[in-house]
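Take a look at the structure set out below.
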Amino acid sequence: MSTQHGRYLALTGGVGGAKLALGLSKILPPEQLTLVVNTGDDFEHLGLHISPDIDTLVYTLSSECNPETGWGRRNETWQFMQALKQLGGETWFNLGDRDLAMHVQRTRLLRGGETLTGVTARLASALDIRHTILPMSDDAVRTRVNTADGWLDFQHYFVREQCAPAVTGFEYRGASAAQINPAVVKAVRVEQLAGIIICPSNPFASIDPILALPGMRALLRDASAPVIAVSPVVGGAAIKGPTVKMMRELSLPQSASAVAAHYQAHTPGMLDGFVIDRLDRHCQAEIEDMNLAVQVCPTVMQSLSDRICLAEHCLEFLQDLRRTDQARR
Ligand code: FO1
């Protein structure tokens with residue numbers, strides 16, 4: 001464990017976010033790290049409440065994650081899906097037999113009146129996770145994707161249509177009436193806050209839904225500790241998922257600088273620093289011109305030690321930013 005002091009918050013969604021969250025969790029003990037998760041990907045399917053980004057994080061932190069897909073459980077079997085197919089049911093969204101237990105239990109607890117925050121804490125604890133995982137909100141926010149084929153619910157776009165339709169925009173339905181999880185507000189305003197890390201998640205599908213909650217942008221901008229983001233784009237490509245395809249379709253340059261520019265344009269004043277891969281060293285000056293400090297380090301996370309190494313770089317970067325801020329005062 002680290003000699004880091006203070007408390008950290010990480011905003012995450014998807015597989016890339018969960019990888020860095022795992023690295024952070026190996027360095028920081030539970031009382032020093034809170035993980036805030038996108039729930040814009042959540043949906044009702046086959047009568048069940050599915051929270052893909054929460055589950056990806058829960059399975060990753062509990063070493064239960066399917067290493068081939070990055071989502072779902074390891075050692076999975078698919079008898080439920082096969083039986084459902086035989087009965088003519090909807091099979092475009094793959095729910096493994098072991099994973100199914102998670103959705104059934106979550107749905108039952110939610111219908112019993114528990115909040116998503118309470119249910120998440122209970123299910124994470126059942127899998128021996130000690131770090132705090134907070135859904136961004138207990139209210140329903142649903143990401144929708146505007147495409148050349150019209151509006152699609154996020155999982156219809158992502159899984160059913162395999163991200164094929166060209167994207168023209170996003171909507172975070174319900175966000176304007178949703179309340180930020182009060183535990184997130186408390187975790188940001190904690191006196192010992194040492195830094196906030198925006199994980200290398202898809203900016204449009206995983207991070208913007210969190211930022212769309214009323215008051216979230218101001219909360220992060222006014223945080224007493226530095227805020228950094230890690231680029232999900234490396235060498236003009238996304239490590240996994242449709243980030244770069246989306247950028248192309250939205251007529252944005254496909255680069256780490258464009259991700260930084262996106263955050264700077266939509267959430268001015270939130271970021272103090274931006275982490276890019278060594279392959280993107282050529283973007284450094286351009287990002288510094290956006291008034292951001294830049295950390296260049298390896299960001300591709302293949303092994304557990306890659307995840308821990310990136311987490312260490314993030315914590316060191318935050319420490320440097322805190323020092324610079326103190327020196328300025
Ligand atoms: N992603 C897929 O590409 N195909 C699937 O069939 C699929 C099923 C699935 C089931 C449970 C779960 O928690 C996640 C699942 N995912 C699947 C991943 C998920 O849809 C995406 O990773 C996220 O929503 C994007 O961050």
Side-chain angles (χ1 to χ4, degrees), residues 10-22 35-62 64-82 84-85 89-107 110 116 119-120 123-124 127 129 133 135-136 140-145 152-165 167 170 172-173 198-210 232 238-246 301:
L11 273 52
T12 173
V15 175
K19 285 181 178 179
L20 178 55
L22 177 65
L35 300 159
V36 179
V37 191
N38 169 44
T39 54
D41 292 14
D42 288 22
F43 75 132
E44 287 279 327
H45 185 60
L46 306 176
L48 300 171
H49 181 111
I50 319 275
S51 294
D53 284 357
I54 291 178
D55 290 347
T56 295
L57 184 64
V58 164
Y59 292 150
T60 300
L61 294 187
S62 60
E64 267 296 325
C65 196
N66 181 333
E68 272 121 59
T69 54
W71 52 265
R73 291 186 83 152
R74 62 167 70 242
N75 303 322
E76 192 54 282
T77 55
W78 301 95
Q79 300 223 18
F80 166 71
M81 291 308 286
Q82 283 153 16
L84 187 64
K85 188 173 180 192
E90 256 187 87
T91 54
W92 59 269
F93 194 76
N94 294 291
L95 295 173
D97 301 332
R98 301 184 73 225
D99 184 31
L100 194 55
M102 178 67 91
H103 313 303
V104 169
Q105 186 64 350
R106 172 185 296 116
T107 306
L110 287 172
L116 187 59
V119 173
T120 302
L123 297 175
L127 292 183
I129 295 171
I133 299 177
M136 64 188 199
V141 176
R142 298 292 174 258
T143 298
R144 284 167 49 81
V145 188
L152 291 169
D153 291 341
F154 185 74
Q155 296 300 337
H156 288 148
Y157 160 80
F158 193 91
V159 177
R160 197 189 65 195
E161 305 303 325
Q162 302 279 295
C163 308
V167 169
F170 295 85
Y172 309 108
R173 186 173 276 181
I198 298 180
C199 288
S201 303
N202 184 315
F204 317 104
S206 295
I207 303 300
D208 284 356
I210 304 179
I239 302 303
K240 195 177 192 308
T243 306
V244 160
K245 180 177 182 283
M246 288 173 173
M301 296 175 281

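Numbers here are sequence positions counted from 1. Order of listing sets the numbers, starting from 1, for every ligand and every atom in it.
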Original post:
Any salt bridge between D153 and R144, counting N to O under 4.0 Å?
Top reply: yes
Subject >> Salt bridge R98-E76, side-chain N to carboxylate O under 4.0 Å >> reply: no
Original post:
Taking 4.0 angstrom as the limit, do R73 and D97 come out as a salt bridge?
Top reply: no
Subject >> F93 CZ to H103 NE2 distance, which is reported to the nearest 0.5 Å >> reply: 6.5 Å
Subject >> Between CG on residue L84 and CD on residue Q79, distance to nearest 0.5 Å >> reply: 13.0 Å
Distances for all N or O pairs of ligand 1 and the protein under 3.5 Å?
| unit_1 | atom_1 | unit_2 | atom_2 | d |
| --- | --- | --- | --- | --- |
| ligand 1 | 1 (N) | W71 | NE1 | 3.3 |
| ligand 1 | 6 (O) | N94 | N | 3.0 |
| ligand 1 | 6 (O) | N94 | ND2 | 2.8 |
| ligand 1 | 20 (O) | Q155 | OE1 | 2.8 |
| ligand 1 | 24 (O) | D41 | OD2 | 2.7 |
| ligand 1 | 24 (O) | Q155 | NE2 | 2.9 |
| ligand 1 | 26 (O) | D41 | OD2 | 3.2 |
| ligand 1 | 26 (O) | D53 | OD1 | 3.0 |

Original post:
Once you round to the nearest 0.5 Å, how far does CE of M136 lie from CG of L116?
Top reply: 10.0 Å
